[in-house]
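Notes to accompany the following structure.
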Amino acid sequence: MKIIACYSNKGGVGKTATSVNLAYAFAQAGHRVLLCDLDPQGASSFYFRVKPSKKLTDTRFFADVERFTKAIRGSDYDNLDILPANMSYRNFDIFLSRMRNSRSRLKKALKAVKGDYDVIVLDCPPNISTLSENVFRSSDVIVTPVIPTTLSQRTFEQLVAFFREHDLPLKKMHAFFSMVQGRKSLHADLMAQLSRDYKKRFLTAHIPFSTDVERMGLARAPVMATAPKCKASKAYHALFEELTERMR
């Protein structure tokens, strides 16, 4: 089983759209996939038309295997299940602070479904916290969308610094450019700079700014399913293929 976290310490960078489309791509490729929505806003759950679980609250997420597994819901797509979020997830750090081995509790919780799935995709909230440290330690791969803007560059550099300061393996991190607008010279300049400065960390595939992705909220489905021939869908497929190659 491989655990893939879609994570950024900056909001609004396309993290959830990436989680949804990568989960769909892995499922379409024949893998058994669980998309685990860790963001209390529940956007990934919403895109797949799955309502939040009312029973998987408080420390039960980390300590109650039966409730954890019963909270999993099927989606409209073969091989793809969803563990929906609820608003109690906003208190994950409080719950974790009360538990032993707080930095490894997420990995222990996910072991409950180890035999049922080939890939688990984590859609993570945009902060650096005890939960995110759990994500960093439990994941095999961390996929990080970066918009080619100054603020997004700054938060990415903060994330790299955090990994180095806490002896976390940078080789897990696979960044890519998101919401790219080719006509903006700033985007082109920053993409060139970051690709040069962090050559091993960035994938070559990048996701363009697209109204088709924005329409995911209306369709409540992955753009790869509703508009498979659009540029964004082809870009997500390229991202999936490159990530798969790196994971071998």
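Just the heavy atoms: all of them, side chains too, but no hydrogens, waters or symmetry mates, feed the values below.
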* Judged by modelled atom types alone, do Asn9 and Thr155 share a side-chain donor-acceptor pair under 3.5 Å? -> no
Can you give each donor-acceptor pair under 3.5 Å made by side-chain atoms of residues 219-232, sequence neighbours left out, with the distance rounded to 0.1 Å?
| unit_1 | atom_1 | unit_2 | atom_2 | d |
| --- | --- | --- | --- | --- |
| Arg220 | NE | Phe46 | O | 2.9 |
| Arg220 | NH2 | Phe46 | O | 3.2 |
| Thr226 | OG1 | Pro222 | O | 3.4 |

* Structure fact -> Excluding Val13, membership of its hydrophobic cluster (Ile, Leu, Val, Met, Phe, Trp, Tyr; side-chain heavy atoms within less than 4.5 Å) reads Ile147, Met179, Phe209
* Aromatic contact, Phe61 with Phe92 (centres under 6.0 Å) -> yes
* Provide the full list of ring pair (Phe, Tyr, Trp, His ring centres under 6.0 Å) pairs with a residue in residues 212-236, sequence neighbours left out, each pair given once. => none
* **Pairs where residues 174-193 contributes a residue and the test ring pair (Phe, Tyr, Trp, His ring centres under 6.0 Å) is met, not counting sequence neighbours** => Phe177-Phe202
* Asked: Where the side chain of Asp39 meets the backbone of Ala85, is there a donor-acceptor pair that is under 3.5 Å apart?
  -> no
* Asked: Looking at OG1 of Thr244 and CZ of Arg246, how far apart are the two atoms once the value is rounded to the nearest 0.5 Å?
  -> 12.0 Å
* To do: State the CG-CG distance between Leu243 and Leu22, to the nearest 0.5 angstrom.
  => 6.5 Å
Restricting to side chain to side chain contact (heavy atoms under 4.5 Å, CB included), what partner residues turn up for [X], sequence neighbours left out?
X	result
Leu170	Val160, Phe163, Arg164, Met173, Arg201
Thr211	Glu214, Arg215
Ala29	His31, Phe240
Asp81	Leu34, Ile72, Tyr117

* Structure fact -> For Ser8, the side-chain hydrogen bond (donor to acceptor under 3.5 Å, both in side chains) test, sequence neighbours excluded, returns none
* Who are the side-chain hydrogen bond (donor to acceptor under 3.5 Å, both in side chains) partners of Asp37, not counting sequence neighbours? -> Ser45
* Residue pairs involving residues 109-120 (criterion salt bridge (Lys or Arg N to Asp or Glu O under 4.0 Å); sequence neighbours excluded) -> Arg32-Asp118
* Residues which pass salt bridge (Lys or Arg N to Asp or Glu O under 4.0 Å) with Lys108, listed by chain and number, not counting sequence neighbours -> none
* Over 12 foreign heavy atoms within 6.0 Å of CD, Gln41 -> no
* **Smallest separation among heavy atoms of Cys6 and Ser19, with atom names** => CB-OG, 3.1 Å
